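In what follows, a single structure is set out as structure tokens and then discussed.
Order of the sequence lines fixes the chain letters, A, B, ..., with proteins taken first and strands second; residue numbering starts at 1 for each chain. This structure is a prediction, so every number in the text was calculated from the model and none was measured.
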Amino acid sequence: MNAPRQYWLMKSEPDECSIDHALAAPNGTVAWVGVRNYQARNFMRDAMRIGDGVLFYHSGCAEPGVAGLAEVASVPYPDPTQFDHRSPYFDPASKPAQPRWMLVDVKAVERIPLVSLARMRAEAALADMQVLRRGNRLSITPVTPDQWRAMLRLASR
DNA sequence: GCCAACGTTGGC
DNA sequence: GCCAACGTTGGC
């Protein structure tokens, strides 16, 4: 018996990896590299399961918001960029025998009409969404089934 | 470019 | 273990 599907919101800067980049990647799948926050890492390492739903969020851009749907597509494994001297995500303190940073693959499912951050903030059904909380800086946050359904409704308009 | 908010680092 | 300084996130 499979565990119930869980839902997540994952932030990406579209300059680096937009929903279109992900859709164009082989198999529509990208490794979620570069997370250097322990809480966000723990979600990927300990809580995510293959098939979990992902709201693909664009941050650090002119129009922040959810731009696509995706799903978790792998079990956790070490983020290769932590060992790459030329990568901005290089972490000299992390050793291959004991990798500090783990990630999952994310498979893009579809682009959706942008559900903007402002629209999300205006939506009563999303009032308690973790990503909208004041001061939130986590790039990966859980989404409840009700919030997931509300986002699908907003995306279909 | 500004700035609020928060995480991390490192001296003590 | 405290806490100030610093760095980062991310919206505006």
For residues 51-69 of chain A, pull every pair meeting side chain to side chain donor-acceptor pair (under 3.5 Å), keeping only residues two or more places apart or in separate chains. A:Trp8-A:Asp52

Who are the side chain to side chain donor-acceptor pair (under 3.5 Å) partners of A:Tyr38, not counting sequence neighbours? none

Determine yes or no for a side-chain-to-main-chain donor-acceptor pair under 3.5 angstrom, with A:Arg119 supplying the side chain and A:Leu114 the backbone. no

Report yes or no: do A:Thr81 and A:Arg36 form a side-chain donor-acceptor pair below 3.5 Å? yes

Please state how far atom CD1 in A:Ile140 lies from atom P in C:dT8, giving the value in whole angstrom units. 19 Å

Do A:Tyr89 and A:Trp32 have ring centres separated by under 6.0 Å? no

Using atom names, set out every protein N or O paired with an N or O of nucleotides 9-11 of chain C below 3.5 Å, distance rounded to 0.1 Å.
residue, atom, partner, partner atom, Å
C:dG10, OP1, A:Lys11, NZ, 3.1
C:dG11, OP1, A:Tyr57, OH, 2.7
C:dG11, OP2, A:Gly60, N, 3.1

